[in-house]
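None of these values were measured; they are calculated from a predicted model. First the proteins, then the strands, lettered A, B, ... as listed; each starts at 1.
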Protein chains: 2
Amino acid sequence: MHSNGPIGNYDLVKKINMEHAISTILKYRPLSRAKIASLTGLNKMTVSSCVDLFVQKGFVVELGTTGTSRGRPPTLVDLNEKAGICVGIDVEINQFTVLVTDLLGKKLDSMIIPLQSKDPFFFVDAISGILRKLEKDHAQRQLGIVGVGIVIPGYYNIRTDVVDYSANLQEWNDFPLRSELAKRVPGLTVHVNPASYAGAMGEVHFGGAKAADHLVYVTSSWGLSVGVYSKGELFTGTTGTAGRLGHSTIHMNGKKCTCGSRGCWEMYASIKALYELLETTPQEMTIADIVAGIERGDSRITSSVHELGHYQGIGLANVINAYNPRVICIGGLLALLGPTLINSIWNTLREMIPARFLLGLEIYCSDLGELGVAHGGVSMVLRQLSTTIIENSLMG
Amino acid sequence: MHSNGPIGNYDLVKKINMEHAISTILKYRPLSRAKIASLTGLNKMTVSSCVDLFVQKGFVVELGTTGTSRGRPPTLVDLNEKAGICVGIDVEINQFTVLVTDLLGKKLDSMIIPLQSKDPFFFVDAISGILRKLEKDHAQRQLGIVGVGIVIPGYYNIRTDVVDYSANLQEWNDFPLRSELAKRVPGLTVHVNPASYAGAMGEVHFGGAKAADHLVYVTSSWGLSVGVYSKGELFTGTTGTAGRLGHSTIHMNGKKCTCGSRGCWEMYASIKALYELLETTPQEMTIADIVAGIERGDSRITSSVHELGHYQGIGLANVINAYNPRVICIGGLLALLGPTLINSIWNTLREMIPARFLLGLEIYCSDLGELGVAHGGVSMVLRQLSTTIIENSLMG
DNA sequence: GGTATTTAGTATATACGTTATACTAATTAA
DNA sequence: TTAATTAGTATAACGTATATACTAAATACC
């Protein structure tokens, strides 16, 4: 109906076709100009002019020729992954992890830094120091720092551009994280997202959901929340709190939750709930112990995990009804419980939802490891890489 | 990341700018070419060439000049609402309503036809007869029947293009409604959507949510389901069953539901639940009686409505957590309960959700009347009106 | 080993919608 | 009556895709 968006002119045409070209390179690299033309439907000349521009600016490199079929052998082109760096930051309650990668998301460096103060200014000052050093160290790269993706343990209001709510980092509430950081490091592109959103993007970019057009990522550790990726973008809602399902009611008048409500999903299906079922503590029994218990078939542990899976299933049934995803990915600590958990989830789902609504649905546990969340931060940066390359190619 | 979408060429540029022009006309009509240019940012000449084409094809008409300010008075242009007709069809369990409108959605005709057989072929045959007659009657209109929007009491699988599930019209399961109808009326554009989706679109197009960029529509009569409108389109999910929240669990191990599960929202928050609370039947007490009871302050009725509102609130808290909408519209029969219902919904919401997540949220009851659902069907057609006009303008 | 064939990629002229400039049209202010 | 203002049109220039013709470099086949 209402169209908004850019008007049609040569600028736009050029940008659109450059977008086709560069995104095809990113997706199928390395490949020839001819292949780009056939994959995109663009004219050979159009492809050549775009690719030549990328090459000239150093964002794309020409590899040698590879003669496989007959005819003149194609010249392969590939992303110059050294043209810039990405930074992903995983903020936890008392530390943050900084991950530095190349343009393919390959780790160049990482560091873990204690959050000595809960004052958000401590964080932005620490981060901006690191970023300025990174800018200096990588000054020779054409794009420098392409962007920073910060993953916070709470929500970020995309309308007011401030931290919206962080249960365990209340001091950060209403803090304009993005602009404060951009103020300290001029020209820097900063993304801030909750862990659930970053997890979803990371899974699409780096994980087992690369082909998924519609994924729901459930991050389930001490809390529980959900990120929805659909049609190439996150479903954020109006302010950026869509997917706050840890506090959705699955049992009205049920257990009292820290949020003030009752019967919240995360009271039944998080790691916290698992320890309650096991009547033990993380000190007495680590997550690794629980995983080991599953593997050796410990009946007390497996039955608790099954019960947890049942509650997880009830919430996931609501997720399926709400979002109708093609893929559900379980992330966070619960992902470690693997197939045992998935099985009991499926048992519950089949009881709750008619079979026709489960057709084609996949559920799996994430296996992105330790740096998974920080990689989610990097994926926020990488999903705008093509735009960055185009804009820089058209400059000067 | 991956771009898909059309490649950039003159065709696309023309279409984009025509889209800007026509959608601006539809939104601000009537208005001058100069106004279109300033609103869209398009060049005067570009606007003129687009508008002239529309005028030449008869989709847009020139009204007289209106000299308000100084300078040459502008020539106003407006949509020619007589250039075609839209058809919306509301399918209920034992009848269907056909609504015929002009291109502004203004009613030209309507009819109610009994569903004498539950065989879906009876329906498509009946409909195609009506449509062929409409085609003949309106043959002089440039666009003829722009499209048909069918609203069904169930889901429609957008991947397989068949009816997915209709609790009260099981005979329609797996029926390829769209293609069967298109087969009988060649060239016809057919849309099929569940009532919840149509309600959302109708509310955005005709109702109280015209400015809403993100709306959740809750249709709540004997069943309950939800339509999500966000960023200019419906959130359908992979197969088209997103928003099936009537069967989301708000009370695990609660009341047994017809779907086989337990504690489904619609067991607590639908009209059916209201009659259970009132310990009466629609025969003994009509909806109108209930509404009258609220108005005169009948304590038994108001307390039941408040209890219903509480359960509605619990489910809506889940809706807010899931979709983070800016506007929630209550439709269906429950909408008749008005402010009394809304008040108790708000009371429950404030108990369940921190205030910061309720900022800016609006909740209201739909007041589109009898033909509201059929108008939702029309809105499916109207939201592609600009595309239709553009394609027809570029033909021949 | 030479020639035809095939595929990759480039050079050049053309096509076409936007856009800037200059224009006409029609009104009000002074 | 003249200047100023706004609406809209005519025309030529501009820029990007595109078609055509070309060069480049390999294999297949006789």
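One can place CG of A:Leu53 at 15 Å from C1' of D:dG15, the figure rounded to the nearest angstrom. If you measure from atom CG of B:Leu394 to atom P of C:dC16, you get 14 Å, rounded to the nearest angstrom. Rounded to whole angstrom, the span from the CG atom of B:Leu63 across to the C1' atom of D:dA7 amounts to 16 Å. One can place CD of A:Glu19 at 14 Å from P of D:dA17, the figure rounded to the nearest angstrom. Atom CG in A:Leu12 sits roughly 17 Å away from atom P in D:dG15 (whole-Å rounding). If you take NZ of B:Lys44 and P of D:dT11, they are 16 Å apart, rounded to a whole angstrom. Remark: P of C:dA8 and CG of A:Asp52 are 16 Å apart, rounded to the nearest angstrom. Rounding to whole angstrom units, CG of residue B:Leu42 and P of C:dT19 are separated by 7 Å.
When distances run from any side-chain atom of B:Ile7 to the nucleotides C:dT19, D:dT18, D:dA28, the shortest one goes to D:dT18. The B:Val13 side chain lies nearest to C:dT18 when the options are C:dT18, C:dA26, C:dT10. Here the nucleotide nearest the side chain of B:Arg33, chosen from C:dT28, D:dT9, C:dT5, is D:dT9. Of the listed nucleotides (D:dA10, C:dG9, D:dT18), D:dT18 has the atom at the smallest distance from the side chain of A:Asn43. Closest to the B:Thr46 side chain, of the nucleotides D:dG8, C:dT28, C:dT18, is C:dT18. Proximity note for A:Ala34 (side chain, C-beta onward) versus C:dA8, D:dA28, D:dA17: the nearest is C:dA8. Residue B:Met45 has its side chain nearest to C:dA20 when only C:dA11, C:dA20, D:dG8 are considered.
For A:Thr65, no side-chain nitrogen or oxygen approaches OP1 or OP2 of D:dA25 to under 4.0 Å. Taking 4.0 angstrom as the limit, B:Asn9 places none of its side-chain polar atoms (N or O) nearer than this to OP1 or OP2 of C:dC16. Of the side-chain N and O atoms in A:Ser48, one or more sit less than 4.0 angstrom from OP1 or OP2 of C:dT10. In this model, the phosphate group of D:dA17 is approached by a side-chain N or O of A:Lys14 to a distance below 4.0 Å at OP1 or OP2. Distances shown here put a side-chain N or O of B:Asn17 below 4.0 Å from the OP1 or OP2 atom of C:dT18.
Nearest approach of A:His375 to A:Gly105, heavy atoms of both residues: NE2-O, 3.2 Å. When all heavy atoms of B:Val87 and B:Leu134 are compared, the closest pair comes out as CG2-CD1, 3.9 Å. Between A:Val190 and A:Ala182, the closest heavy-atom pair is CG2-N, 4.4 Å.
Toward the 5′ end of DNA chain C lies the nearest nucleotide of A:Gly71, the other residue of the pair A:Lys35 and A:Gly71 mapping further downstream.
For D:dA7, the base has a donor-acceptor partner in the side chain of B:Arg72 [N/O atoms by modelled type, under 3.5 angstrom].
Under a 3.5 Å cut-off, the side chain of B:Ser230 and the backbone N or O of B:His214 do not form any donor-acceptor pair.
Annotation for B:Lys57: atom NZ counts as buried by contact number, over 12 foreign heavy atoms lying within 6.0 Å.
A donor and an acceptor atom, one from each side chain of A:Asn324 and B:Thr236, are nowhere located under 3.5 Å apart.
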